[in-house]
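Beneath this line is the structure, given in structure tokens, with notes to follow.
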There are 2 protein chains.
Amino acid sequence: MLFHSTWTSLPRPHSFSEFGMTAESNPSISLNEFTYRRGREIYGEKEPADYVYQVMSGAARSYRLLSDGRRQISAFHLPGDIFGLGNGVHRFTTEAVIDTAVRLVKRESLETLANNDNALVKNLLCMTTTNLQHAEDHLLLLGRKTSMERVAACLIEMDGRLIAAGVLALPMTRRDIADYLGLTIETISRSLSCLRELGVLHFMDNNQRHVVIMDRNKLAELDRQN
Amino acid sequence: MLFHSTWTSLPRPHSFSEFGMTAESNPSISLNEFTYRRGREIYGEKEPADYVYQVMSGAARSYRLLSDGRRQISAFHLPGDIFGLGNGVHRFTTEAVIDTAVRLVKRESLETLANNDNALVKNLLCMTTTNLQHAEDHLLLLGRKTSMERVAACLIEMDGRLIAAGVLALPMTRRDIADYLGLTIETISRSLSCLRELGVLHFMDNNQRHVVIMDRNKLAELDRQN
DNA sequence: CGAACGATTGACGTTTCTCAAGGCTGGTGG
DNA sequence: CCACCAGCCTTGAGAAACGTCAATCGTTCG
């Protein structure tokens, strides 16, 4: 296999160490590391939120289900991303998309620190605001964009976050993308085929999840922003 | 007119005074009050975010536009709601849905206070988390619910927030509702007609925005949650 | 009073979904 | 080493949901 699971990413705006939350500076904080195999649940909806996570490698998806099985993925968590914030109880199920390593911090110790550390709370506020902005962008996509615009926007987003040797190597399946974009796998597939025919994309040999983006400008044009 | 613009609401989880931000306790904070007429812009997308607002009476809508005019309303702000949070620049345009009175606080003074007041930052974090949760619920609605489920969910939401003499008096037009739910005005209208035929709703004489909900259970059933 | 606006309804069009078939890939066990 | 199977992706044909266009009606506001 050519691009053997090297899921790297661009630097993210936040990280545990930015909290001053390294083991050195805060011996009270234990930065455990843990690995989840592909498809494994990291936490479930309605479970008490005991930990906050940071992706070290791999990818995770957070989603909610309707009673008849319809699924909406609200976000993919890529290396560097912090997830599991919020208060009290998890509102999503989160699973490993592929084998995924995470660091985890006990929420309890985080909250204890937060009582005295104004900068830490500000950092939490900043991260939550970032999550809110992502959700708000996604509202516009789900409410008002066509299937082509959604797929183009998704590729642009992933292109900005997943870098592997110039090839956009998507860890998620068509089903994941469909449930992220509020579409079906068939519509995703057709949109991608269309983009390939237009000369905007190129699939690498033998793996439809390894994508070469031929024309970023055209892609941005197909997602009529603003 | 029967239910003359008495747009009241249930108590909201947060308010400026909860900050300890009354004029008495913090003379440095000026709680100006201002009124916007129906349809007037309170702030525009990309404008510097100089103020934070609390609705005293009326209603406001926050939205974004695509270049061809498609609009997505991300939230309605009802009495008690605080809006305009975030950092630096507004990401939405916000307008008065009807004549609307707001209190406003200078962001600058808020940030100055926040440097020393841990509880205030925590309060901001809590409000931002509330906004995030609302957006996340809306993602599921926009990505995976049918038109009937969306309209039912919207009525349930508004019923929980707008109370006027036992009648759900909607301040917003069909267009606003459509752009909130990612549908068209015709689809909203047909869904509401269907609900009326089902005996779930009843429109008050001479005003289609004054709705009596006949059967809340049926309505909740039509929005298949979870 | 007339014009503008908002809502409803019907006929029809388009997009997206559903259902079904087939191909490719990777893993497993004989 | 190869055959087989399961999972994932693609493609096509037809169906369904929702959007578009157009006509009509009532209300509001100069």
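Bear in mind that the values here come from a model prediction, so they are computed numbers and not experimental data. Each chain gets a letter, A, B and so on, in the order its sequence line appears, and its residues count up from 1.
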* Option among Arg71(A), Arg174(A), Gln72(A) that satisfies the side-chain hydrogen bond (donor to acceptor under 3.5 Å, both in side chains) test with Asp179(A) ->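 Only match with Asp179(A) under side-chain hydrogen bond (donor to acceptor under 3.5 Å, both in side chains): Arg71(A).
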Expressed as a whole number of angstroms, how long is the span from [X]:[atom1] to [N]:[atom2]?
X: Met172(B); N: dC5(C); atom1: CE; atom2: C1'; result: 18 Å
X: Arg70(B); N: dT20(D); atom1: CZ; atom2: C1'; result: 15 Å
X: Arg209(B); N: dT27(D); atom1: CZ; atom2: P; result: 14 Å
X: Arg190(B); N: dA16(D); atom1: CZ; atom2: C1'; result: 14 Å
X: Arg38(A); N: dA6(D); atom1: CZ; atom2: C1'; result: 11 Å
X: Phe203(B); N: dG26(D); atom1: CZ; atom2: P; result: 16 Å
X: Met204(A); N: dT25(C); atom1: CE; atom2: C1'; result: 16 Å
X: Glu186(B); N: dT9(C); atom1: CD; atom2: P; result: 12 Å

Could you tell me the separation between the [atom1] atom of [X] and the [atom2] atom of [Y], rounded to the nearest 0.5 Å?
X: Leu181(A); Y: His138(A); atom1: CG; atom2: NE2; answer: 6.0 Å
X: Ile73(A); Y: Arg144(B); atom1: CD1; atom2: CZ; answer: 9.0 Å
X: Ile213(B); Y: Leu219(B); atom1: CD1; atom2: CG; answer: 5.5 Å

Any [X] side-chain nitrogen or oxygen under 4.0 Å from OP1 or OP2 of [N]:
X: Thr184(B); N: dC18(D); result: no
X: Ser189(B); N: dT9(C); result: no
X: Arg174(A); N: dT10(D); result: yes
X: Thr173(B); N: dG6(C); result: no
X: Arg196(A); N: dT11(D); result: yes

Polar atoms only, N or O, under 3.5 Å: list the protein pairs with nucleotides 12-15 of chain C and their distances.
none

* How far apart are the closest heavy atoms of Asn207(B) and Arg209(B), and which atoms are they? ->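 Nearest heavy atoms, Asn207(B) then Arg209(B): OD1-N, 2.8 Å.
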* To do: Would you indicate what Gly182(B) reaches in the nucleic acid, counting non-hydrogen atoms under 4.0 angstrom: base, sugar-phosphate, or nothing?
  =>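 Here Gly182(B) touches the backbone only, sparing every base.
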* Asked: When all nucleic acid strands are considered with a 4.0 Å heavy-atom cut-off, which category describes Leu183(B): base, sugar-phosphate, or nothing?
  ->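 Contact class for Leu183(B): sugar-phosphate only.
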* Are the ring centres of Tyr53(A) and Tyr43(A) closer than 6.0 Å? ->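 Judged by ring-centre distance (under 6.0 Å), Tyr53(A) and Tyr43(A) do meet the cut-off.
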* Between Ile188(A) and Met148(B), which is nearer to the 5' end of DNA chain D once each is assigned its nearest nucleotide? ->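 Its nearest nucleotide being more 5', the pick is Ile188(A).
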* Map Arg144(A) and Thr187(A) onto DNA chain D by nearest heavy atom, then report which one ends up closer to the 5' terminus. =>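 The residue mapped nearer the 5' terminus is Thr187(A).
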* Would you call Asp81(A) and Arg161(A) a side-chain contact if the rule is heavy atoms closer than 4.5 Å? ->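 Yes; the side chains approach each other to less than 4.5 Å.
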* Asked: Heavy atoms, side chains only, cut-off 4.5 Å: are Leu85(B) and Thr129(A) in contact?
  ->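 Side-chain contact under 4.5 Å: no.
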* Salt-bridge contact Asp99(B)-Arg38(B) (side-chain N to carboxylate O under 4.0 Å) ->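 Salt bridge flag = no for Arg38(B) with Asp99(B).
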* Under the side-chain contact (heavy atoms from CB on, under 4.5 Å) test, residues paired with Glu221(B) that sit two or more places apart ->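 Counting only residues at least two positions away or on another chain, Glu221(B) forms a side-chain contact (heavy atoms from CB on, under 4.5 Å) with Lys218(B).
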* Bend angle of the helix from dC1(C)-dG30(D) to dG30(C)-dC1(D) from five-pair axes at both ends, rounded to 10°? ->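 Computed angle between terminal axes is 30°.
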